[in-house]
Every structure is written in structure tokens, then in C-alpha cells.
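Keep in mind that this is a model prediction, so the values were computed, not measured. Lettering follows sequence order; numbering is per chain, from 1.
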Number of protein chains: 2
Amino acid sequence: MNKKTDLRIIRSKHSIKRAFIELLNEKGYEGITIQDIADKAMINRNTFYLHYQNKPDLLNASMDELLEELNSTLNLCSSSKSPVSGSKLEQLMQTILERIQDSTPFYKALLLDENRIYGFQSKMEEIIKNTVEDGLDNTPLKISKELLLQYIASTFMGIVIWWVKNDYSYTPKELASQFGKILTHGHLKAAGISDD
Amino acid sequence: MNKKTDLRIIRSKHSIKRAFIELLNEKGYEGITIQDIADKAMINRNTFYLHYQNKPDLLNASMDELLEELNSTLNLCSSSKSPVSGSKLEQLMQTILERIQDSTPFYKALLLDENRIYGFQSKMEEIIKNTVEDGLDNTPLKISKELLLQYIASTFMGIVIWWVKNDYSYTPKELASQFGKILTHGHLKAAGISDD
DNA sequence: ACTCAAATGTCGCTTAACTAACAAAAAAAT
DNA sequence: ATTTTTTTGTTAGTTAAGCGACATTTGAGT
């Protein structure tokens, strides 16, 4: 639709986001100043305000964009109308890990340690819950759906964070496979979901 | 002096050069179109013409800039007023190799194979000759100075090109050391220059 | 509590870079 | 050889981004 956005706008926004992510990894959100961003992005400080209201605005915009990418990737991948199962969740996990790997510096900055304050984690959890729920539609459950969703989402986040923190010690495929084994041998049966 | 060049100008020129070098490695000089450069640099084609007259102009400007950097580096390093000697030339070689390594993609594009047509090689030779000649001032020679300079420059270029072509098979220090050995055991004595 | 320095937002004014469209030159295709 | 397509330079008008300067706000240091 907006096929013809001015090149300068695209460039400026790109540079700002790139600079922002780099700075996040270098000095953490709080320590970043608008001038820092401007310097690293090679733009004038004023230009920043042409595109974002302030630092939190940039942070939110960046997070939302990143999560939107994740979300649409997940929607594509889980569009197959098969019911939820262990292998389905394993596939989901793999997709998420791959997506993260493609945007490493950003996830690293937002997921690790003290950075979790900014609500990124819970937004990401929400996405996972929704994705799983969509594939869960009319499956009869033996336990509370909300509880199950929360449980699954927590598991996902725990593994993801551990993985990022440990500098991708496994490939997405390997890790997802291990995750799948835990799932099928663990609580899934208890919930009445077939493990394949 | 020009402390305050407009940020946009700096950015544009940088992007153009970066894009140009990448394209040189991707498809070679002849195959590059101005639009290619504009696309990769994320600028409008018109902007290119605000900074360079045409493709050859950009090529020359880039080469001159690169060689100027090399030249000033060499002037700094060979400023020590010691007479020419094997170890001196070895040091010179090492400096050149290190300089090249810092600007790998550009040298790679300009020095290898068919690209040599553009006169980059001979310009670089010239710089080497001048540098060596400066350190040669009033040393009495037993053979023609011009011949000696041409010989040395050719040796340098031969080694450099071989090194770039073979993807930096040695470290600059190692290669320079081997070069030094060839020098001192070879033609230097014949020219009446002490080998230390 | 007070001071000074640094960072934030916002404002005109100027300029580089944008879009779009053009004719001429070069390459490719028929 | 001749049409078609691509690439080249160039122009005119518009817009994003530059610069400098300003009043506030915020934070550290004393």
C-alpha cells in the first residue's frame, strides 16, 4: 500500500533502530541518551523526534515490531489445522528459536537479566499463549485451559531465555527436539492430549 | 578545517563507497550500474550525481583515497631516517600487508585478476617506489637506481597480489619475515646495500 | 539545598536528497 | 539493420533532515 515511502524516512528509521539495538547491548536501556542514538545512527538529534516521541516510544515501537514479526511467523507456521500435539509444539518451539536467532542482538538485549523489566517477556508470553490457544480450539481438556496455556508459555519462555543466555548452545532443531521429549513424556498426557 | 560538513553528505558518500566496493566484489566494475549503487546504498540515483560525475569518477576517487591512506601510513612508518636495509624493507612490507588487511574488500576487488586493468596496480607500484626512494636518498648504489626501484616494487606487488589471491595464507608479520630473508640473501648485496 | 552540567523537547531557517519525468546514448534483441 | 529496452545524465519542484539556538528538566557533585 505505502509502496512509495520516502527513502529518507526508511533510512532514518532503520538507522535509528539499528543504533538503538547496538546501544542496548553496549550500555543498557537506561544509559542510552537520544544523542547517543543520533551519533551512532549518523543523524541529527532532531531527526529522531521526527519519527519517535521519546526513548520509551522507540522502545515500544521496536518491541511491537519485533513481536509482530514473530507473531506472523508463528501464524504462518501453525496454520496447518492439525490439533495440538507434542510434535506440533516441538515444531512451534523450533520456529521461535529460529526467529530469535535471526534477530539475535535485539532479543539478547531484551530478554536477558535486568532488561526483563520492560515487559517484553510478558508480551512474548502472550503471543505464545495465543498461538497455542488457536491450535487448541475444540480439543477436550482434562485440566483448566488457562492453567495449561500459562504452563506451556512459561516453559517456552524458560527455555528460550536459558538458550539466549547460554549463547545458543544447541541448534534450534536440537533444542526443540529435546523440548519435545520432555513434553510428550510429561504433562501432556495428563491433560488428555495425544502425544502424536 | 571543514569540521562541519553536512551529516547528509558524509552519509551519502559513505554509503555510495560502501555499496560500490560490495558491488565490485559481487559483479565486477563493468557490470555495475548507477542504479545498482543507488539501490544498495539506499539513495536516489540523483543523489549519486550530486557527489560523483559518473562511474569512472567514483572509481578514481575511491582508488585515490585508498592509496592516499596507504601513502600516509607508509610515510609515517618510514619516517625514521635510517638508511634503506633489508630489515627496513621487511618492515615496510609488513606495514603494507597490514594496511591491506584493514581494507580487504576493496583491495580484493582492485588487485585480483581481470580487475588489474584499471591502473590501480601501477599507481600502487608508484607509491612503493617513492617510499623506497625517499629512504634511499644518498646511499651509493652499484646498479641503476631506477632499475632497483622497479625491481623492488615488482617484488612487493607480486607478493601482495599472491597474498590477497590466496586469502591471506600467512599473517603480515610471517610473510614480511620471509620476504626479508629473500631480500637479504639475494640482490641487495649486489646493489651495495648493507643487509642490516 | 544549591549549582552546574547534561539531556530533553521544540522552534525557524537552510539545504541535501527525494520523486518524477525527460531526451540522449548504449546495449540487447529481433 | 532496426526496433526495443536499458542506462545515462539532467532538470524542476517538494520534502525530510540538517543546523543552531532556545527554555525546561533532570541528575550529580558540592
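- Where pairing requires Watson-Crick or G-U contacts shorter than 3.5 Å, the helical stems of DNA chain C with at least three consecutive pairs are C:6-29 with D:2-25.
- For C:dA6, neither phosphate oxygen OP1 nor OP2 lies less than 4.0 angstrom from any side-chain nitrogen or oxygen of A:Thr33.
- Near DNA chain D, defined here as any heavy-atom distance below 4.0 Å, the residues from residues 49-57 of chain A are A:Leu50, A:His51, listed numerically.
- Under the 6.0 Å cut-off for aromatic ring centres, B:Tyr170 and B:Trp163 do not qualify, their centroids lying 6.0 Å or more apart.
- A donor-acceptor contact under 3.5 Å links the side chain of A:Arg8 to the base of C:dA17.
- A:Asn71 places no side-chain N or O within donor-acceptor distance of the main-chain N or O of A:Ile127, the cut-off being under 3.5 Å.
- A salt bridge does not link B:Arg11 to B:Asp6: none of the charged side-chain nitrogens sits closer than 4.0 Å to a carboxylate oxygen.
- If you take NZ of B:Lys4 and C1' of C:dA16, they are 17 Å apart, rounded to a whole angstrom.
- A salt bridge does not link A:Glu90 to A:Lys181: none of the charged nitrogens lies less than 4.0 Å from a carboxylate oxygen.
- Between A:Ala109 and A:Leu24, the closest heavy-atom pair is CB-CB, 3.5 Å.
- For the OP1/OP2 pair of C:dA17 and a distance below 4.0 Å, the side-chain nitrogens and oxygens of B:Asn44 include no atom meeting the criterion.
- Checking D:dT8, D:dA21, C:dA17 against every side-chain atom of A:Arg45, the shortest atom distance belongs to D:dA21.
- Nucleic acid contact class of B:Asp6 (heavy atoms, under 4.0 Å, all strands): sugar-phosphate only.
- Distances shorter than 4.0 Å separate some side-chain N or O of A:Ser12 from OP1 or OP2 on D:dA17.
- A salt bridge links B:Lys40 with B:Glu26; the closest basic N to acidic carboxylate O contact falls under 4.0 Å.
- A salt bridge does not link A:Glu98 with A:Lys173: every distance from a Lys NZ or Arg NE/NH1/NH2 to an Asp or Glu carboxylate oxygen is 4.0 Å or more.
- The pair B:Asp39-B:Arg45 does not count as a salt bridge, with every side-chain nitrogen at least 4.0 angstrom from each carboxylate oxygen.
- For C:dA17, neither phosphate oxygen OP1 nor OP2 lies less than 4.0 angstrom from any side-chain nitrogen or oxygen of B:Asn46.
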